[in-house]
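Below is one structure, written out as structure tokens, with a few remarks after it.
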There are 2 protein chains.
Amino acid sequence: MKATLQPGLTNRLTKYLRTTQQLIEEGRDAVSSKELGEYTGINPVQVRRDLNAIDFSGTRGVGYQAHDLVEAVRNILGLRQTYNLALVGAGNLGAAIASSAMLPKRGFIIHDVFDNDPKKIGRTVGNVVVKHIDELEKSVAEADEIIGIIATPASAAQEVAERMVKAGIKVILNYTDVLLHVPPGIETHRIDPTAQLMHTLYYLTQVEEEEKSERE
Amino acid sequence: MKATLQPGLTNRLTKYLRTTQQLIEEGRDAVSSKELGEYTGINPVQVRRDLNAIDFSGTRGVGYQAHDLVEAVRNILGLRQTYNLALVGAGNLGAAIASSAMLPKRGFIIHDVFDNDPKKIGRTVGNVVVKHIDELEKSVAEADEIIGIIATPASAAQEVAERMVKAGIKVILNYTDVLLHVPPGIETHRIDPTAQLMHTLYYLTQVEEEEKSERE
DNA sequence: AGATGTGAATACGTTCACAGCC
DNA sequence: GGCTGTGAACGTATTCACATCT
């Protein structure tokens, strides 16, 4: 049996994966632990230890083979298949998510888009035709969707989440700022840009204050 | 001098802050460490230790006063002021970000929106009129903006980042999936929905495989 | 009852220093 | 020279168990 990896480790592996994929797009062939550390905010020593932990070796003086690294991490994390996603909300945000290349590039296909506004039904966003939310359950079953994205106004988020759960969705990506109440076993993730801002601003103002007191 | 808090601690404090703010909106008065733990994914014992570390006490049998908690954390993190942000990209994504109440609610004001498409200049997104990107430098200086959001197509992101840095922006929120190359001292953050998906899916498939081998 | 608060043990992450390889 | 690989020491986080308060 394959051992289950530590949460911290898998979390960091996804960061190396995404960073390395981007560096490959820039034409890079090898990446160093120092670089991965800079882009991910993780200590280079930790990067080397992590890659070691999954039995992936680099070459000294050069770094890690970017392509092999991506393959190794994808294998370890079991990210070889693609996933169909259900997106609810065909407004500006939903349209932006559906048209972006980011998700498909990583194996996540926006397979269905739903809304409750009759004016939006039948329109095309990205490559898919917007359906009425009442068809959610049927589509989820047909396309074997376990991941749902909520890109509705905040006021609709909880209700949409409940319909998703009822339809069989297991993982919900929530672009609104409401706290979703879901049954155990359902994973929710909020996309919250302020999280990183608040954290960064704290250190930014700390540095400013230190500089101020040094001048005194 | 006020001591600088550990990165891990400040990171967790922002999570307590955001969840507690949302619970207040739901009409809640007190919150328990158990609840905060459930919504943030942090162990309840850790929650109590953290609140203890910033000298914030709850009442046994009840929990923590939600409103006081928000105030205490905001004070500790220095999040009492509001920040003006510059948003570049007035497409679907930019419009969605500018119209959302999420940022203003947390003290982040979308003060200026820029684009390079003449058709979009002069339009209103959210509450602000779209300006040409050439005015970035002037606006950043006038409104004292240190935070910028990139909501352009991926192909424009690096160039926009460079213009932001030149204009004096210190923190960049990047909604594209390109790796931004910026000078030291500039903080960048990618909004990457796949990060959390990949991590979650790993554990989801692990659980499935465990169940499978139990049946064997 | 139902929470907070805290000691103690353990696991995990971070950092330094340096050996080893290309 | 530049980067990987790793031992050792340290600091931080996690968890258990239980005393304590309302």
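Just so it is clear: chains get the letters A, B, ... in the order the sequence lines come, proteins before strands, and each one is counted from 1. No hydrogens, no waters, no symmetry mates; every other heavy atom, side chains included, goes into these values.
- Using a cutoff of 4.0 Å between basic side-chain nitrogens and carboxylate oxygens, A/Glu35 and A/Arg28 are scored as salt-bridged.
- With 3.5 Å as the limit, one finds no donor-acceptor pair spanning the side chains of B/Glu25 and B/Gln21.
- Within a 6.0 Å radius of CG in A/Asn127, other residues, nucleotides and ligands contribute 12 heavy atoms or fewer.
- The shortest non-hydrogen separation linking B/Glu26 to A/Leu179 is OE2-O, 3.7 Å.
- Distances shown here put every side-chain N or O of A/Thr59 at or beyond 4.0 Å from the OP1 or OP2 atom of D/dC3.
- Here the side chains of A/Ile147 and A/Ile169 are not in contact, with every heavy-atom distance at 4.5 Å or above.
- Between A/Ile146 and B/Leu204 the shortest side-chain heavy-atom distance falls below 4.5 Å.
- Within a 6.0 Å radius of NZ in A/Lys105, more than 12 heavy atoms belonging to other residues, nucleotides or ligands are found.
- The stretch residues 39-55 of chain A comes close to DNA chain D through A/Val45, A/Arg48, A/Arg49, A/Asn52, each having a heavy atom under 4.0 Å from the strand.
- As rounded to whole Å, 9 Å separates atom C1' of D/dG2 from atom NZ of A/Lys34.
- Every stem involving DNA chain D, taken as at least 3 paired positions in a row under the Watson-Crick or G-U wobble test at 3.5 Å, is listed here: C:4-12 with D:11-19, C:14-22 with D:1-9.
- The side-chain heavy atoms of A/Gln158 and A/Thr176, taken from C-beta on, include no pair separated by under 4.5 Å.
- Heavy-atom distances under 4.0 Å link DNA chain D to B/Arg60 of residues 60-73 of chain B, given in residue order.
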Please tabulate, one pair per line, all N/O donor-acceptor pairs under 3.5 Å involving side-chain atoms of residues 44-59 of chain B, not counting sequence neighbours.
residue: B/Gln46; atom: NE2; partner: B/Asp50; partner atom: OD1; Å: 3.4
residue: B/Arg48; atom: NH1; partner: B/Ser33; partner atom: OG; Å: 3.0
residue: B/Asp50; atom: OD1; partner: B/Arg12; partner atom: NH2; Å: 2.9
residue: B/Asp50; atom: OD2; partner: B/Arg12; partner atom: NE; Å: 2.6
residue: B/Asp50; atom: OD2; partner: B/Arg12; partner atom: NH2; Å: 3.4
residue: B/Asp50; atom: OD2; partner: B/Tyr16; partner atom: OH; Å: 2.7
residue: B/Thr59; atom: OG1; partner: B/Gly63; partner atom: O; Å: 3.4

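- At a non-hydrogen distance threshold of 4.0 Å, nothing from residues 15-32 of chain B comes into contact with DNA chain D.
- No more than 12 heavy-atom neighbours from other residues, nucleotides or ligands sit within 6.0 angstrom of CD on A/Glu159.
- Between B/Leu5 and B/Ile76, some side-chain heavy-atom pair lies under the 4.5 Å cut-off.
- A/Gln6 places its CD atom 10 Å from the P atom of D/dT15, with the value rounded to the nearest Å.
- In this structure, the side chains of A/Leu87 and A/Val128 stay at 4.5 Å or more apart for every pair of heavy atoms.
- Among all heavy-atom pairs drawn from A/Asp192 and A/Thr194, the shortest one is OD1-OG1, 2.5 Å.
- The pair A/Glu71-A/Arg80 meets the salt-bridge criterion, with a side-chain N (NZ, NE, NH1 or NH2) lying under 4.0 Å from an Asp/Glu carboxylate O.
- Taking the six-membered ring where the residue is Trp, B/His181 and A/Tyr39 present perpendicular rings, their angle passing 60° and hence far from 30°.
- Side-chain contact between A/Ile150 and A/Arg190 is absent, with no heavy-atom pair separated by less than 4.5 Å.
- Nucleotides of DNA chain C with any atom under 4.0 Å from a heavy atom of chain B span, from 5' to 3', C/dG2 to C/dA8.
- When rounded to the nearest whole Å, the span between CD of A/Glu38 and P of D/dC3 equals 10 Å.
- Comparing A/Arg12 and B/Gly58 against DNA chain C, the residue whose closest nucleotide sits nearer the 5' end is B/Gly58.
- Protein atom CD of A/Glu35 is 8 Å distant from nucleotide atom P of D/dC3, rounded to whole Å.
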